[in-house]
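Throughout, protein chains are lettered first and strands after them, A, B, ... in sequence-line order, and every chain is numbered starting at 1. Keep in mind that the numbers below use all heavy atoms, side chains included, and drop hydrogens, waters and symmetry copies.
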Number of protein chains: 2
Amino acid sequence: MPNSKPTPVTMDAVYTAPGYLFRRMQQIAVALFIEECKAFDLTPVQYAALVTISTHPGIDATRLSAVIAFDRSTLGNVIERLQTKEFIVRKPAPEDKRVKLLYLTKAGASVLNDIMPSVDKAQARMLQPLKPADRKTLLALLTQLVDLNNEASRVPLRAEDALEHLGRSG
Amino acid sequence: MPNSKPTPVTMDAVYTAPGYLFRRMQQIAVALFIEECKAFDLTPVQYAALVTISTHPGIDATRLSAVIAFDRSTLGNVIERLQTKEFIVRKPAPEDKRVKLLYLTKAGASVLNDIMPSVDKAQARMLQPLKPADRKTLLALLTQLVDLNNEASRVPLRAEDALEHLGRSG
DNA sequence: AATTAATTGACAGTATACTCACAATATGGC
DNA sequence: GCCATATTGTGAGTATACTGTCAATTAATT
């Protein structure tokens, strides 16, 4: 007889898939972040953008997107919201009329300083259910995996180093 | 002297945060899924919905959202798209005029059967960069963590068992 | 039985996250 | 200097993922 027996589909096809588990953890991570940081009106993405602008004053949107691996189009909206909240300002670059440089405002620097403990608390809560040794193991494997899979994502991370020779004269 | 020294912010505040790593892995997981499954015009979420409707014929949207832990509002749109693609049909429930029951069409069952190898390939590629032993370790820890953090997410997963006594007479 | 509760699906609104495309601008080869 | 090419920011369009709210309907309470 022909091999016509269809594979019986079970929910394991969803529940045990790493992609599903990463999606769930992302949902959980965002929920915990929002809960811990609700006093600050900042999303995880907005927080990451603020940190990067803080450590790279005068960065432009395209580089920012590469340094945190967020899509350039997405980041346009994020920047707009941060600007509306007056946490950042945009200044036209003198030597390139296309570019707008990003800087923290005082309010932005202040909120970034103040939100840190809450962010740390949210990050700790994510891994809390695991034993301390398991937390380290998971974090190490996750860091490895993200790094090794970097090129698989649509917007690979390009660290500062990889960008230094771009868009500058030197 | 007063403790006025501001903590210097570095990119580690982003790169080493588990929340950021989970976000990256989710981006990577979706990118790999889309790449492997582009011939089938199905997203990861749509795939999960199809699997669940396949294993739970006649499920309604609210239960479906609980079984895969997707937001009910989000799922409304997902169902609509699956209906437009004619992979599922919605039939009004005879005993409850509010409810619409979900069933796979023949095309839906067919695409689900055909897409499986590509889904498996995408899931395997996600963990490929790790050593086999590390893959197992990560998957085990991730499964634990998602389970233990279940209540922290906005839409906790409620397995079939937990739903059996709801909305039915028995 | 009548009022209150809860449930269901739908809708509006916000925020990522991606696609492709496009004008303005800058840079390269010639 | 000129022209092809590349880059920057932006916009439209699609798809999650959440917040609310709402009408219709059903269930629970008295």
Side-chain angles (χ1 to χ4, degrees), chain A residues 19-20 23-24 26-31 33-35 38 41-49 59-66 68-85 90 92-102 153-156 163 166-169, chain B residues 19-20 23-24 26-31 33-35 38 41-49 59-66 68-85 90 92-102 153-155 163 165-169:
Chain A
Y20 176 77
R23 175 181 301 272
R24 285 290 291 142
Q26 220 267 316
Q27 290 177 328
I28 289 162
V30 172
F33 185 103
I34 297 293
E35 189 182 321
K38 59 173 176 288
D41 190 29
L42 270 189
T43 66
V45 169
Q46 290 167 14
Y47 162 78
I59 197 173
D60 61 87
T62 295
R63 282 181 182 207
L64 177 54
S65 96
I68 51 182
F70 293 165
D71 180 82
R72 215 159 46 113
S73 292
T74 304
L75 207 55
N77 302 324
V78 175
I79 288 170
E80 205 175 301
R81 283 172 214 121
L82 287 174
Q83 204 174 10
T84 301
K85 294 177 187 176
R90 277 202 275 196
E95 79 284 0
D96 189 333
K97 288 178 194 164
R98 295 169 304 180
V99 175
K100 296 176 182 175
L101 307 178
L102 305 170
S153 74
R154 292 314 201 150
V155 184
L163 292 166
L166 298 175
R168 294 276 174 103
S169 51
Chain B
Y20 175 77
R23 176 181 301 273
R24 284 291 291 141
Q26 221 268 316
Q27 291 177 328
I28 289 163
V30 172
F33 186 103
I34 297 294
E35 188 181 322
K38 59 173 175 289
D41 190 27
L42 269 189
T43 66
V45 168
Q46 290 167 14
Y47 163 77
I59 197 172
D60 62 86
T62 296
R63 281 181 182 207
L64 177 55
S65 97
I68 50 181
F70 292 166
D71 181 80
R72 215 159 45 111
S73 293
T74 303
L75 206 55
N77 302 323
V78 175
I79 288 171
E80 205 176 299
R81 282 172 215 123
L82 286 174
Q83 204 174 10
T84 301
K85 294 177 187 176
R90 278 201 276 195
E95 79 283 0
D96 189 335
K97 289 176 195 165
R98 296 168 304 180
V99 175
K100 295 176 182 174
L101 306 178
L102 304 171
S153 73
R154 292 312 201 152
V155 184
L163 291 167
H165 65 293
L166 297 174
R168 293 276 175 105
S169 50

- [ ] With heavy atoms under 4.0 Å as the rule, sort A:Val30 into base, sugar-phosphate or nothing.
- [x] nothing

Open item on the list: What is the separation between atom CG on B:Leu75 and atom C1' on D:dA15, rounded to the nearest whole Å?
Closed with: 13 Å

Task: Evaluation steps, side-chain hydrogen bond (donor to acceptor under 3.5 Å, both in side chains), between B:Arg90 and B:Gln83 - done: CA-CA 8 Å; B:Arg90 278 201 276 195; B:Gln83 204 174 10; 3.2 Å; yes

Task: Integer-rounded Å distance: C:dG9 P and B:Ile59 CD1 - done: 10 Å

Open item on the list: Measuring only between side-chain heavy atoms, which start at C-beta, is B:Val78 closer than 4.5 Å to B:Phe70?
Closed with: no

Under 3.5 Å, which N/O atoms of the protein pair with N/O atoms of nucleotides 1-6 of chain C?
none

Task: ring-ring contact (aromatic ring centres under 6.0 Å, His included) against A:Tyr20, all qualifying residues, sequence neighbours excluded - done: A:Tyr15

TODO: Supply the atom-to-atom distance B:Leu102 CG to B:Leu82 CG, rounded to the nearest 0.5 angstrom.
DONE: 9.0 Å

Open item on the list: Check the phosphate of C:dA15 against A:Arg81, side-chain N and O only, distance under 4.0 Å to OP1 or OP2. Yes or no?
Closed with: yes

Open item on the list: In this structure, how many angstroms lie between the C1' atom of D:dC18 and the CG atom of A:Asp41, rounded?
Closed with: 15 Å

TODO: To the nearest Å, give me how far apart CG (A:Leu101) and P (D:dT7) are.
DONE: 18 Å

Open item on the list: Looking only at the side chain of B:Ser73 (C-beta and beyond, no hydrogens), which of the listed nucleotides D:dT10, C:dG9, D:dT19 gets closest?
Closed with: D:dT19

- [ ] Please state whether the phosphate of C:dT8, meaning OP1 or OP2, lies under 4.0 angstrom from any side-chain nitrogen or oxygen of B:Arg72.
- [x] no

- [ ] Determine the contact category for A:Asp96: base if any of its heavy atoms lies under 4.0 Å from a base atom, sugar-phosphate if only primed atoms, P, OP1 or OP2 are that close, otherwise nothing.
- [x] sugar-phosphate

TODO: Could you tell me the separation between the NZ atom of A:Lys100 and the P atom of C:dA24, rounded to a whole number of Å?
DONE: 14 Å

Open item on the list: Side-chain N or O of B:Lys97 versus OP1/OP2 of C:dG9: is the shortest distance under 4.0 Å?
Closed with: no

Open item on the list: Would the base of C:dT16 count as contacting A:Thr43 through its side chain, where contact means a donor and an acceptor less than 3.5 Å apart?
Closed with: no

TODO: Find the distance B:Asn77:CG to C:dG13:P and express it as a whole number of Å.
DONE: 14 Å

Open item on the list: Of the options C:dT16, C:dG9, D:dG9, whose atoms approach the side-chain atoms of B:Ala61 most closely?
Closed with: C:dG9

Task: Partner of B:Leu75 under side chain to side chain contact (heavy atoms under 4.5 Å, CB included), chosen from B:Asp71, B:Ile79, B:Asn77 - done: B:Ile79

Open item on the list: Can you measure B:Arg154 atom CZ to C:dT14 atom P for me and round it to whole angstrom units?
Closed with: 18 Å

TODO: Under a 3.5 Å limit for both distances, which nucleotide forms a Watson-Crick or G-U wobble pair with C:dA5, could you say?
DONE: none

Open item on the list: To check you understand the geometry: which heavy-atom pair defines the closest contact between B:Arg72 and B:Thr62, and what is its length?
Closed with: CD-OG1, 3.5 Å

Task: Under the ring-ring contact (aromatic ring centres under 6.0 Å, His included) test, residues paired with B:Tyr47 that sit two or more places apart - done: B:Phe33

Task: Anti or syn - C:dA21, cut at 90° from 0 - done: anti

- [ ] Go through D:dT19, D:dA15, C:dT16 for me and flag the one nearest to the B:Gln46 side chain.
- [x] D:dA15

- [ ] Give one of base, sugar-phosphate or nothing for B:Thr74, where a contact means two heavy atoms less than 4.0 Å apart.
- [x] base

TODO: When you get a sec, tell me which of C:dA10, D:dT10, D:dC18 is the closest nucleotide to the side chain of B:Asp71?
DONE: D:dC18

Open item on the list: Can you give me the closest heavy-atom contact between A:Ser153 and B:Ala31, atom names plus distance?
Closed with: CA-CB, 4.1 Å

- [ ] To the nearest Å, give me how far apart CG (B:Leu42) and P (D:dT14) are.
- [x] 18 Å

Open item on the list: Counting distance alone, no hydrogens or angles: does the base of C:dG9 have a donor or acceptor under 3.5 Å from a partner atom on the side chain of B:Thr62?
Closed with: no

